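Written out below as structure tokens is the structure these notes cover.
Just so you know, these numbers use all the heavy atoms, side chains as well, and skip hydrogens, waters and symmetry mates. These numbers were taken from a predicted model, which means no experiment stands behind them. Nothing fancy with the numbering, it's 1 onward along the sequence.
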Amino acid sequence: MNSHIEFKQIPFVRILIPYILGILAASIFYPDFFYLLLIGIVFIVTILFIGFFTLNREYQRIGKVTILYGGFFLCGLFSFSLANSMHKFPDHTIFIDGIVKNSPEVTSRYMQVDCRIQNYSFQDKKVSVNENIRVFIFRDPAMKIPEIGDSVCLISKLYRLKNRGNPKEFDYKNYMRNEKIFYVCYVSVNKIRFGANTGKYKLRRFASSIQKRSIKRFTDYGIKDEELAVISALVAGNREFLDEEIKNKFAIAGVMHVLAVSGLHVGILYMFLSLILCRRNQTLFIRVLRLILILFTIWFFALITGLSCSVVRASLMFTLFLLGRNLNRQTNVYNLLAASAMIALVIHPMDLFKVGFQFSYLAVLGIVFLQPRLFEMINFTYKIPDRIWQLITVSIAAQVSVFPLSLYYFHQFPVYFWLANIFVIPLVWMIMITAMIFFLFLAIDPMAETISLGLDKLLKILNAFIECIEKLPLAVIPDIRFESIHLIMTYVFIVAILIAIVKYRKVYVAYIAGIWFAWIILQDIVTYKYFDQKKEILVYNYGKNTVLSCINGHNHVLFLNEIEHEYTEKIMHWNRNFQVSRQVLKTTENIDPDNVPLYSGLTGEHLEISHTNSGINIRFFKKRITLIKDNGKGVTDRSIVINDSDWLVLGGNSVCPEQLEFASHLPQKIIIGNKISHNLCFAWNKFASEKGIEFIDVTVDGAFHEIWE
């Protein structure tokens with residue numbers, strides 16, 4: 001069968017591609033993609049005119065194809081537009097009525113709830129809307145924990161979500177946009193009230209209650225600590241109990257995907273059901289009953305996981321596959337994947353930008369296409385080595401397809417992923433099946449207790465094995481610089497390799513891989529040389545602390561306005577992506593103004609640091625900066641002298657404009673860091689305006705970044 005006919009047999013792939021391209025084009029040109037929409041409409045109308053008003057059949061065929069693909073491209077544009085439409089709320093306090101959309105996330109400091117606003121009131125006006133918001137409630141232990149579907153009334157001002165503007169930081173604004181949330185608010189307990197169940201989101205509420213009951217059953221039968229965290233994630237899709245230590249262990253071992261309930265888990269469940277419900281010599285009634293039982297179990301598992309998006313996508317794909325096969329239709333796995341992706345993206349177009357969506361579909365594509373070809377490379381006579389090789393090839397195929405994404409998002413590569421998956425996948429298979437049997441025998445207490453003991457042992461074995469992998473030498477390669485251009489070009493090379501494999505020209509595989517490796521090395525060398533001549537000064541926007549850094553080539557000095565170990569660790573974590581991208585090789589110790597003695601030994605040709613009664617003076621090349629600290633008490637000396645500084649960085653509420661005297665000239669810039677009160681910020685803004693000084697508030701304008709050679 002030739003490739004042309006095969007492509008005709010996958011219609012959903014053909015319409016999915018232009019639809020995705022439309023969504024991508026709209027995101028690139030957002031919010032000005034209407035010009036692109038206009039161009040697309042004009043182009044399609046032109047082709048339509050040429051195709052249907054000429055006698056040339058080739059033009060007519062081109063016209064029909066263009067209308068089909070162009071139409072789905074425009075549908076992608078429209079769907080993105082609808083997904084990003086939002087209501088503009090008043091810039092003051094309003095009265096809000098809404099409904100709780102998800103199960104709250106509770107921490108020691110606050111409770112986070114996503115709500116759908118039905119209407120809001122202000123100035124005797126009532127406006128009906130349909131918008132999602134994220135509400136942060138300052139925690140009161142006595143406060144009622146709401147459930148999905150409960151009514152909510154609150155009084156607050158809504159703030160438009162925005163990023164802090166720090167280079168290479170997590171794009172929180174776009175992450176929330178993908179969830180169709182554009183506004184956030186912060187309320188105290190006395191400004192919010194939860195009411196009775198409204199009857200909305202019944203299915204989601206039911207799924208949440210099943211998920212909670214499932215986890216409670218595990219705890220009732222003695223499963224706790226790390227084992228409870230893992231089983232809750234594996235079976236119930238609840239990652240609430242997973243701490244950073246557990247996540248890091250699984251990430252280093254290269255099996256983090258097993259903790260994110262997805263197609264893997266649905267596939268394991270389907271394989272088990274297929275084994276126990278044999279298809280041989282079945283009547284029509286038995287086949288229909290078997291189909292209903294499998295679909296019911298798969299979707300009940302989706303309910304246990306709280307109807308998480310990844311499980312719903314996988315359940316949908318298996319549903320289409322089973323229906324197609326039982327209707328005696330020729331099922332094509334690529335068509336099924338495209339159909340499930342198309343349905344998901346029509347309902348939620350922004351899923352395309354979610355990491356889970358990208359990982360799940362690329363992993364399945366890799367397994368479907370690459371795994372059989374890898375498996376055929378080595379033939380084993382005996383069954384056990386053959387099964388082990390099958391597991392290895394599944395792991396390699398999935399990892400090849402997603403490793404560029406993994407490097408792009410996480411900047412690390414697990415070296416022993418292939419070894420971990422050989423043991424982890426069978427263990428996860430046994431854990432999931434044992435958990436299903438556990439639920440079946442809950443009514444028989446002795447049986448349930450015996451099964452729970454076995455389940456606990458399996459979980460302990462899994463955790464012990466993951467810990468062993470984590471402790472192996474060179475278990476993970478961290479801090480890998482991998483930018484957008486690396487991601488795009490790597491997938492280009494992967495596609496080229498796959499084409500070579502399909503065309504039976506495997507000799508080209510080594511050449512293509514060598515070209516990719518050489519390109520990566522050359523690109524990194526060029527980038528390293530480019531940054532080698534750069535000097536940078538950054539004033540970050542980190543909320544609680546004022547952080548300033550000086551970067552000379554690949555050397556980095558970080559100044560913190562105040563040192564708190566826990567918060568310092570967070571800052572270093574937030575700053576990691578930038579340092580990896582910037583190829584910073586050396587970071588000196590964090591410098592606290594209180595710990596820098598007069599005429600510090602931290603001096604050099606390009607960097608000099610000296611202590612003052614209000615902070616530190618920094619000379620970095622020709623830039624002279626005064627960083628005024630926040631001592632928590634305020635500066636009482638009204639004659640603080642600023643000696644010839646180019647920039648004045650204010651790190652707290654310790655000084656106001658009247659307390660400063662400038663020795664010879666005013667600074668060129670006044671930069672407001674963090675922890676500045678609104679009134680004091682206004683006073684400094686007024687002072688800068690009167691004196692003709694450039695005023696920068698990083699809490700409003702985002703991080704300040706200046707770069708030169």
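Between Tyr409 and Phe359, the ring planes lie tilted relative to each other; the angle falls in the 30° to 60° range. Taking the six-membered ring for Trp and thresholds of 30 and 60 degrees, Phe413 and Phe417 have ring planes more than 60 degrees apart, a perpendicular arrangement. Ring-plane geometry between Tyr172 and Phe170 is classed as tilted, the angle between the planes lying from 30 to 60 degrees on a 0 to 90 degree scale.
Heavy-atom minimum distance, Ile515 versus Phe493: CG2-CE2, 3.7 Å. Of all the heavy atoms in Val230 and Leu242, the pair that sits closest is N-CD2, 4.4 Å. The two atoms that bring Ser208 and Ser103 nearest to each other are OG-OG, 2.9 Å, heavy atoms only.
Between Glu706 and Glu536, the closest side-chain pair of non-hydrogen atoms is not below 4.5 Å. Residues Leu405 and Tyr491 form a side-chain contact, since some pair of their non-hydrogen atoms from C-beta on lies under 4.5 Å apart. Using a 4.5 Å heavy-atom cutoff, the side chains of Lys212 and Asn238 are not in contact. Contact check for Leu316 versus Ile343: side-chain heavy atoms found under the 4.5 Å cut-off. Between Phe72 and Leu16 there is no side-chain heavy-atom pair separated by less than 4.5 Å. In this structure, the side chains of Pro146 and Val152 stay at 4.5 Å or more apart for every pair of heavy atoms. Between Tyr183 and Leu161 there is no side-chain heavy-atom pair separated by less than 4.5 Å. Taking 4.5 Å as the limit, every side-chain heavy atom of Ile99 sits out of range of all side-chain heavy atoms of Asp150.
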Next on the checklist: Could you walk me through whether Ser340 and Phe12 satisfy the side chain to side chain contact (heavy atoms under 4.5 Å, CB included) test, starting with their C-alpha distance in whole Å, then the side-chain angles of each, then the deciding distance to 0.1 Å, before giving a yes or no?
Outcome noted: CA-CA 9 Å; Ser340 63; Phe12 278 104; over 6 Å; no
Next on the checklist: Between Phe80 and Met350, does the side chain to side chain contact (heavy atoms under 4.5 Å, CB included) criterion hold? Intermediate values first, please.
Outcome noted: CA-CA 7 Å; Phe80 183 91; Met350 303 310 292; 3.8 Å; yes
Next on the checklist: For Gln118 and Asn130: C-alpha separation, side-chain torsions, deciding distance, then whether side chain to side chain contact (heavy atoms under 4.5 Å, CB included) applies.
Outcome noted: CA-CA 6 Å; Gln118 293 180 302; Asn130 184 15; over 6 Å; no
Item to check | Derivation and outcome, side chain to side chain contact (heavy atoms under 4.5 Å, CB included), residues Ser401 and Leu365 | outcome: CA-CA 8 Å; Ser401 60; Leu365 273 175; 5.9 Å; no
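The NE2 atom of His705 sits 4.0 Å away from the CG atom of Leu538 when rounded to the nearest 0.5 Å. Annotation: the span from Ile480 atom CD1 to Phe403 atom CZ amounts to 9.5 Å, rounded to 0.5 Å. Interatomic distance, His87 NE2 to Ser128 OG, rounded to the nearest 0.5 Å: 10.0 Å. Atom-to-atom distance recorded for Ile512:CD1 and Trp516:CH2 is 13.0 Å, nearest 0.5 angstrom. In this structure, CD1 in Ile520 is found 8.5 Å from CE in Met489, a value given to the nearest 0.5 Å. Put simply, OH on Tyr110 and CZ on Phe136 are 5.5 Å apart, with the number rounded to the nearest 0.5 Å.
No donor-acceptor pair closer than 3.5 Å links the side chain of Asn132 to the backbone N or O of Arg116. One N or O on the side chain of Ser360 and one on the backbone of Gly356 form a donor-acceptor pair closer than 3.5 Å. When atom types are taken as modelled, the side chain of Thr198 and the backbone of Gly149 share a donor-acceptor pair closer than 3.5 angstrom. His556 places no side-chain N or O within 3.5 Å of a backbone atom of Ile551 that could act as its donor or acceptor partner. The closest donor-acceptor contact from the side chain of Ser79 to the backbone of Gly76 lies under 3.5 Å. With Asn541 contributing its side chain and Val698 its backbone, the two residues share a donor-acceptor pair below 3.5 Å. Between the Gln211 side chain and the Ala236 main chain, a donor and an acceptor come within less than 3.5 Å of each other. Asp171 contributes a side-chain N or O that, together with a main-chain N or O of Asn174, makes up a donor-acceptor pair within less than 3.5 Å. Remark: the backbone N or O of Leu352 is paired with a side-chain donor or acceptor of Gln358 at under 3.5 angstrom. The main-chain N or O of Glu483 is found under 3.5 Å from a side-chain atom of His486 such that the two form a donor-acceptor pair.
Counting heavy-atom neighbours within 6.0 Å of Tyr416 OH, excluding the residue itself, gives a total above 12. The neighbour count for Phe353 CZ, taken as heavy atoms of other residues, nucleotides or ligands under 6.0 Å away, is above 12.
In this structure, Tyr69 has its ring center at least 6.0 angstrom away from the ring center of Phe73. Aromatic rings of Phe89 and Tyr120 (six-membered ring for Trp) have centroids within the 6.0 Å cut-off, being under it.
In this model, no donor atom of one side chain and acceptor atom of the other lie less than 3.5 Å apart for Tyr408 and Thr490. Between the side chains of Asn178 and Asp351, not a single donor N or O lies within less than 3.5 Å of an accepting N or O.
Every residue two or more places apart in sequence or in another chain was checked for a side-chain hydrogen bond (donor to acceptor under 3.5 Å, both in side chains) with Tyr159, and none qualifies. In this structure Tyr540 satisfies the ring-ring contact (aromatic ring centres under 6.0 Å, His included) test together with Tyr542, sequence neighbours excluded.
Cation-pi check for Arg239 over Phe241 is not met; the charged atom does not lie both under 6.0 angstrom from the ring centroid and within 45 degrees of its normal.
Exactly one of Lys180, Arg134, Arg204 qualifies for a salt bridge (Lys or Arg N to Asp or Glu O under 4.0 Å) with Asp114. That residue is Arg134. Applying the salt bridge (Lys or Arg N to Asp or Glu O under 4.0 Å) test between Glu179 and each of Lys101, Lys173, Lys354 identifies Lys354 as the sole match.
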